[in-house]
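Following: one structure in structure tokens, then a few remarks.
First listed ligand is number 1; within each ligand, the first listed atom is number 1. Residues: numbered from 1 along the sequence shown.
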Amino acid sequence: MCGIVGYVGPQAAVEVVGEGLRRLEYRGYDSAGVALVAKGGVVTEKRAGKLANLTEAISQRSDINDQHTGIGHTRWATHGVPNDRNAHPHVSSNGRVAIIHNGIIENFTRLRAELEADGVELASDTDSECVAHLLERQLDTGGDLADAMRRVCNRLQGAFTLLAVHADAPDTVVGARRNSPLVAGVADGEYFLASDVAAFISHTRSAVELGQDQVVTISPDGLAITDFDGNPAAGKHFEVDWDASAAEKDGHDFFMFKEIAEQPKAVADTLRGRFAGTGEISLDEIRMSDQDFRDIDKVIIVACGTSYHAGMVAKYAIEHWNRLAVEVELASEFRYRDPILDRSTLVIAISQSGETMDTLMAVRHAKEQKARVLAISNTVGSTIPREADAVLYTRAGIEVAVASTKAFLTQLVACYLVGLHLAGVRGIKFADEVAAIVTELAATPDKIATVLSGMQPVRDLAAAMPNADRALFVGRHVGYPVAMEGALKLKELAYMHAEGFAAGELKHGPISLIEDGTPVIVVVPSPRGRSVLHDKVVSNIQEVKARGATVIAIAESGDDIISAHADHTVFLPVVPTLLAPLLTAVPMQVFAAELATAKGLDVDQPRNLAKSVTVE
Ligand code: M6R
């Protein structure tokens, strides 16, 4: 979703802002722009399409070079098609104020009508442009840019991160946030504002987290924060624990390949130091007592996309280990169906970014209903963990590719840890039982590495089918959410029609999609688990084979029964049934990424998608 960068300091702002935008590209965008301010006034440039278009346009300008204050934006269109006109920055009528915005201003229709009634001619179709004109009007009534920003913010409804510059304040950038991310970077004599720290990580690792409904001013003299009423406020300082090299590709063609390869480490890091040996895990931040956990009589997991699939796997593990009912719900649906929850409900919100608006709104709804909220997130200090009662951070490191891979595996680990923690605290499992599962978990990084080292056949299979127009993914038990995740990966990366089904559902409809040669990827349960599951999947394979499907099975090493039925079998190391998704998801990721590569597509930034979806 939109990326935002602001800079004041001794360097050429166009360079710093441009580099920040490049580092925020992973969030997804369809146009980009900058505004630079110096004594002479505000200059802007903006272009639809990739950053290269903007860079080319800037290179033709003689008036964009040595300004030391600037803002930049990558836009993911909500109101108004992606074109030059709707790209940010937007400028006020007198040309002296420029703004950039991430989010949606819900009352923009009213604000726009009010401005138009006053004779303002809006130059774009966006909700954001209103803010530039409103700021100009407020500045006309007195006060500085920060005063104007506070007054305007009090009129806005919805979600926004805003940055503004003003020709009369050439050393200042003013920012504001409500329900949308904004973080400040602090270096010697220079300051940054950005959607996330990746934008300024090559300049400083010293960061300040801005709170809800705050306005921040950066200038060479420092950083000042107030609430929307002008009362002084404080941000929370933190040091970023990764550096710029973590955001580079490390020799891979795409970040996604690098991130797939990093999974053994990401899983090991997420497990490290979490288990005390007494059946308790260490949550990172906890505002819940053991008694709170014991009082829980129902768990509801809310999440979107890949994180939702992690939640579906968690349901199997938490229910099995705790004998406690677990519901899993798409965050975007949750609050609109009036869910039944109270103070003995534990809502687990899973979000890699910690900023997904649908999940954030589900969290807020849960808290209004007095439920306890535990966040699982990969982004320290992001909004969802901040608003939750307890937090378990995954330690995947920055995930740049839009398609989630290492974040998914580490979410699974976090869910397992939460399930075991609950089982321990609630006295459902003895410490040695918990320890036995944790030992199995601790062995998974090596097994994931083994899976990765055997992926050439999967790459070959993917490379051989760039012309396939559809694929089905099926599984049973924990293999079912993995099948859905495999289909999601293929959809988002290879733009193919792919669906994930519970294997038992095939004959209730989807089997009619199968034609000669249709690829069906089957996640096969272990024959050592509940044998009925394995037998049923064998039957399902026969059903689709009989209708012409090409079956690619993902099965446990030594499962000779499956290899006799499937066209291709990918064998994986033996792992306990509930932990199997940590391995079975990996060939799906490789398959989708390779197929997208074979089709010549942008693996890291698929069309229409954003990494962090900060609108509902
Ligand atoms: O940051 P979140 O985990 O809340 O993001 C949720 C989804 O938007 C995300 O998982 C999305 O589905 C990925 N692109 C899937 O690869």
Subject >> Closest non-hydrogen atom pair between Val313 and Tyr416, with its separation >> reply: CG1-OH, 3.7 Å

Subject >> Min N/O separation Gly354 to ligand 1 under 3.5 Å >> reply: no

Subject >> Enumerated ligand 1 atoms positioned under 4.0 Å from heavy atoms of Ser404 >> reply: 15 (C), 16 (O)

Subject >> Contacting atoms of ligand 1, where contact means under 4.0 angstrom from a heavy atom of Gln352 >> reply: 1 (O), 2 (P), 3 (O), 4 (O)

Subject >> Donor-acceptor pair between Lys50 and Gln605 side chains, under 3.5 angstrom >> reply: yes

**OP:** Kindly identify the option in Gly305, Ala592, Cys304, Pro606 whose heavy atom sits closest to atom 6 (C) of ligand 1.
**Re:** Cys304

Subject >> Heavy atom of the protein closest to atom 10 (O) of ligand 1 (residue, atom name, distance) >> reply: Thr306 N, 3.1 Å

**OP:** Specify whether Phe473 and Phe591 have parallel, tilted or perpendicular ring planes, treating 30° as the upper limit for parallel and 60° as the lower limit for perpendicular.
**Re:** perpendicular

**OP:** Give a yes-or-no answer on whether the side chains of Arg177 and Asn102 include a donor-acceptor pair shorter than 3.5 Å.
**Re:** no

Original post:
Hey, does Thr359 come in under 3.5 Å of ligand 1, counting only N/O atoms on both sides?
Top reply: no

Subject >> Partners passing salt bridge (Lys or Arg N to Asp or Glu O under 4.0 Å) against Glu262 (at least two apart in sequence or in another chain) >> reply: Lys258, Lys406

Original post:
Given the rule in the salt bridge (Lys or Arg N to Asp or Glu O under 4.0 Å) test, do Glu594 and Arg459 qualify, once you have shown the distances and angles that lead to the verdict?
Top reply: CA-CA 6 Å; Glu594 289 291 342; Arg459 286 190 200 103; 3.4 Å; yes

Original post:
Would you say Ala403 contacts ligand 1, with heavy atoms under 4.0 Å as the rule?
Top reply: yes

Original post:
Heavy-atom contact under 4.0 Å between Lys489 and ligand 1?
Top reply: yes

Subject >> Exercise: identify the closest heavy-atom pair between Gly20 and Val5 >> reply: C-CG2, 3.8 Å

Subject >> No-hydrogen, no-angle side-chain donor-acceptor test under 3.5 Å, Gln263 and Thr405 >> reply: no

**OP:** Could you pull out all residues at least two apart from His309 that satisfy ring pair (Phe, Tyr, Trp, His ring centres under 6.0 Å)?
**Re:** none

**OP:** Between Glu355 and ligand 1, find which residue part has any heavy-atom pair under 4.0 Å and reply side chain, backbone, both or neither.
**Re:** neither

**OP:** Please identify which atoms of ligand 1 are closer than 4.0 Å to at least one heavy atom of Ser307.
**Re:** 2 (P), 3 (O), 10 (O)

**OP:** Specify the protein heavy atom at minimum distance from atom 8 (O) of ligand 1: its residue, its atom name, and the distance to 0.1 Å.
**Re:** Val613 CG2, 4.2 Å

**OP:** Using a 4.0 Å heavy-atom cut-off, say whether Glu492 meets ligand 1 through its side chain, its backbone, both or neither.
**Re:** side chain

Original post:
For ligand 1, which atoms, with element, lie under 4.0 Å from some heavy atom of Ser353?
Top reply: 1 (O), 2 (P), 4 (O)

Subject >> Closest approach of any protein heavy atom to atom 4 (O) of ligand 1, naming residue and atom >> reply: Thr356 OG1, 2.4 Å

